[in-house]
J.: 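Following this message is one structure expressed as structure tokens.
Only a predicted model underlies this, so the values are computations on that prediction, with no experimental measurement involved. Read the numbers this way: they start at 1 and go in the same order the structure lists the ligands and their atoms.
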Amino acid sequence: MSSTQFEPIQFSAEEQQKQDNEARELVSHLLELTESVHDAKINHIRKIENVICGTDIPILSWRFSEWDYYSKKIELPTQARGLFTTKEGVIICRGYDKFFNFEELSSVKEEELRNNTKGPYTVTVKSNGCIVFISGLANGKLVVCSKHSTGTRTDLSRNHAMVAQEALEVQLKKYGKSLEDLGKLLHKYRITAVCEYCDDRFEEHVLEYKENKAGLYLHGLNMNTVEFKTYPMEKVQQFAEMFGFRETKFRKLDTFDQTLQFLKDSNKTGKFEGEEIEGFVVRCSKMVDEKANDFFFKYKFEEPYLLYRELREITKQFITQGPENLKFGKHKLICMDYMKYIMPYLVTNEKLKQEYLENKGIIELRKRYFESKNTTSMQLINDELDMIDLEEEMKKLKFGKSKPNRYVLVTLSTIGCGKTTTSVGVSNLFPEIIEHIQNDNIQSPGKDKLVLAALEVLSRKPVVIMDKNNHKTVERKQIFDGFQRLNNTIPKSKLKFICLNFIQRPPKGDKDLWDLTRERVYNRGDSHQSIKVEKDGIGNAEKIMRGFISRFQPLNTTTEPDCNFDYIIDLDVHQDNSSLQNMKKIVTALQSCTEDLDLKTPTEADYVKAFEKAKLYKPTFSKKISATKRKPVYFAIDVPQKEIIMNLMNTFNIDFFNRLVKGRRVQQDFHVTLVHSAMRKQNDTKKEFWDTYSNIFKSDISRFADTKTDIPQNKRCFLSGEYSADIQLEKVVWDSKAMCIQVKILGFQLKDEPIKLPCGIDFSHLTIGTIDKNFPPVLSGVMLKHLYGDEKEVSKIQEIKLSEEIVLTRLPLYVFMN
Ligand code: GDP
Ligand code: MG
């Protein structure tokens, strides 16, 4: 035991009085919010009533929707995550203020942290279990709470609070301390001890906590105050020693940069002092109004946890569905290797399987595997590609016989490789089983049309061939995503994706391939939906062909999206009558990898007949494509509430606005520009912003750029993926030429999750209009720049600050294509 004694932080009577008042106010506010049925916020705050264990004292637990901690719009009465009070307004237990993962929100971005936090930075090991709050009553009775619950409950199958309480009792007894001593100390100094209960016997998380590691890890001592105040780690450690808690390891660093370096270095090994950990919680201070507040952020390692999750999922799939139906993810090769290792254990052991599904033995099995490899998980992740040979073995895995599967054959090719000929040939052989659909038969290939057509076929037949070049990874991704979104009839595990890989080596520079396919396309003449050699000349066709070859991205089954293929059939185009050979390869491969398709072996004559017929295939359909592509011009937030804004503007009765209305110079559609392509030339940062958007919305842009895609007449193409933004209208600004409303962007969301997107505009605004068509809307931005910068110009600029708070939420984003 350490010689240093735990010294509590004490407050003056006056300060305590103030804290008590704040607590009472907070609780009465919370009660008000939850009791007034009409308050819209009622959905966000939940009050859970309970009784402190071993007493009849009622206690309230306050719970907020997790999302509200992220929302900039919603101001929660407290940031405390875990808060227990009496209804009279005494805080019994107080958790930490909600803290976020590094870079997750703007408040924890690198720059923000560097500029606005202060050392020392205490980097503490993040334990991996469930959180437990412990405090005490005046009589020394302990109050043990899980995140939102305490005492006995009838509605829970596992009561974390009660299990933790038992563990605490065992711990104190072993340590020769009385429950009352702890309870009284916590009560006297108004402290909540914050622990992590880690014990695999109770509940397995990702890291292992067996016998000598299991227990309550003390990681914080919070003061039971409205404001978040927490003890320094040295004192936490002293306290842990005093009562036999497991200690939380930590390291102190002076500057943010040292801290970041330390975090990044640790991320490479996934370890701290030789032990595998999940990540760190960094404790420091943040300056708010010249006052240093306690501030936390976390830094979680990505790997090996991603791998661990995949191993767990694949094992569960294996147990519930058998070996035929495994769906692999990013770490496909390791997972396969792992499966080979654990299968013998699992197949014979019903108990093991049952327990695994109840989340027991997960870590054990994983550990056994890594031990057998004599390596660490991080090392294995780094060396994953060494196991590439496993792909071959995987190909031999048979797809199950038990229940019928649905097979999607996806071609991967360039032009003229015989996709259509081969596909038509194969479906000629098995017209009842296989049907061929092709992209070239779809006039304006909306993103999902081919997938929808495939699903339609699969409702009638077990196999569909999707004939399209799919030469870029985004196209393959679009197919997988499309099925993911649109398929709601075929069980996921029954849907198999097979790649018909026409291209084995890089097509660029493959002269034989070029000569052969060029010749074929030349001879095909006008017998193609869009490439009309006779009409447009071979030059045009060659140009299109070259484009496909230069953009070609080869199959890479070790990463997304190609790792979603369940099986690969390698084809070859270089030989004579390659399509005939490829038909044979496909049929043979399907026969060997499927057991539920009744594919009779065709005779040589059958093959030749089907092939000859396929060569005669002539499309009955013709479509027009133009070679020029559209380009993205700017990204923007759409503001559809035009009427609201017009009404608002009318209330001010500004002469300039009235003139805009009269002259029909009010913008057709309101929007807030986020980045403009012209900004790329301004500076590197702005170029980066543009690139960020171009990257995130890459697949949307390439779809809209394709002139085969129909886009709206106003060229505003809405971005997919349910991205949205919230804005607040701030002030109306105008001069003699332009008028706009300056806005504040409150945040962006993807579905319901807050995300970060940059804004390249210095002063975000929504242009109302310009007085003459010779003045472009960009003048609004110039005007705002003057307003905030150049004093000489300010006199000409007028402004009205909006007194009422107008927030517009969930506004969709679009890209303007030209
Ligand atoms: P796709 O662009 O990949 O769909 O290629 P097609 O299937 O349309 O083939 C291009 C041209 O080559 C067509 O005119 C086919 O009839 C012809 N073709 C395809 N495969 C073969 C083959 O194995 N032998 C011969 N001689 N011609 C073929
Ligand atoms: Mg074709």
J.: What protein heavy atom lies closest to atom 20 (N) of ligand 1? Include the residue and the distance to one decimal.
T.: Ser579 OG, 2.5 Å
J.: Look only at interatomic distance and state if Ser578 has a nitrogen or oxygen under 3.5 Å from any nitrogen or oxygen of ligand 1.
T.: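 It does: an N or O of Ser578 is found under 3.5 Å from an N or O of ligand 1.
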J.: Does any N or O in the side chain of Asp510 come within less than 3.5 Å of the main-chain N or O of Pro507, such that one atom is a donor and the other an acceptor?
T.: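 No: the side chain of Asp510 does not pair with the backbone of Pro507.
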J.: I'd like to know if Lys698 pairs up with Asp691 as an ion pair, taking the criterion as any Lys NZ or Arg NE/NH1/NH2 lying under 4.0 Å from an Asp or Glu carboxylate oxygen.
T.: no
J.: Verify whether the ring centers belonging to Tyr567 and Tyr407 lie closer than 6.0 Å.
T.: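 No, they do not, as the ring centres are separated by 6.0 Å or more.
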J.: Step through it carefully: locate the ring centre of Phe816, locate the ring centre of His671, and say whether they are under 6.0 Å apart.
T.: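 No - the distance between ring centres of Phe816 and His671 does not fall below the 6.0 Å cut-off.
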J.: My understanding is that we take every heavy atom of each candidate and find the minimum distance to atom 19 (C) of ligand 1. Doing that for Thr421, Thr414, Thr420, which one comes out nearest?
T.: Thr421
J.: Quick one: nearest non-hydrogen protein atom to atom 27 (N) of ligand 1, plus distance?
T.: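 Checked against all protein heavy atoms, atom 27 (N) of ligand 1 sits closest to Lys615 CD, 3.8 Å.
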J.: Just which atoms of ligand 1 are under 4.0 Å from any heavy atom in Asn577?
T.: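 Answer, ordered by atom number: 22 (C), 23 (O), 24 (N), 25 (C), 26 (N).
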J.: I'd like to know whether the aromatic ring centres of Phe497 and Phe565 sit less than 6.0 Å apart in this structure.
T.: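 Distance test on ring centres: not under 6.0 Å, no.
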J.: Considering only the protein, which heavy-atom contact is closest to atom 2 (O) of ligand 1, and what is its distance?
T.: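 It is Gly416 N, 2.9 Å.
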J.: Please state which protein non-hydrogen atom is closest to atom 5 (O) of ligand 1 and give its distance, to 0.1 Å?
T.: Gly418 N, 3.1 Å
J.: Among all protein heavy atoms, pick out the one at the shortest distance from atom 1 (P) of ligand 1; state its residue, atom name and that distance to 0.1 Å.
T.: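 Checked against all protein heavy atoms, atom 1 (P) of ligand 1 sits closest to Lys419 NZ, 3.4 Å.
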J.: What protein heavy atom lies closest to atom 17 (C) of ligand 1? Include the residue and the distance to one decimal.
T.: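 Looking only at protein heavy atoms, the one closest to atom 17 (C) of ligand 1 is Arg520 CD, 4.1 Å.
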J.: From Cys335 SG over to Glu384 CD, what is the distance, rounded to the nearest 0.5 angstrom?
T.: 7.5 Å
J.: Looking at Lys461, I want to see if its NZ is surrounded by more than 12 non-hydrogen atoms of other residues, nucleotides or ligands under 6.0 Å.
T.: yes
J.: When you look for heavy atoms under 4.0 Å from ligand 1, do you find them on the side chain of Phe611, its backbone, both, or neither?
T.: side chain
J.: Starting from atom 10 (C) of ligand 1, find the nearest protein heavy-atom neighbour and note its residue, name and distance.
T.: Arg524 NH1, 3.8 Å
J.: Out of curiosity, Leu429 CG to Met583 CE, how far, rounded to the nearest 0.5 Å?
T.: 4.5 Å
J.: Using a cut-off of strictly less than 2.8 Å, determine whether Thr420 has an N/O/S atom near the Mg ion (ligand 2).
T.: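 So Thr420 counts as coordinating the Mg ion (ligand 2), yes.
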J.: Taking atom types as modelled, find out whether Asp512 and His574 have a side-chain donor-acceptor pair closer than 3.5 angstrom.
T.: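 Note: Asp512 and His574 side chains miss the donor-acceptor criterion.
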J.: Check this for me - ligand 1, Ser413, N or O atoms closer than 3.5 angstrom, yes or no?
T.: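 No, there is no polar N/O contact under 3.5 Å.
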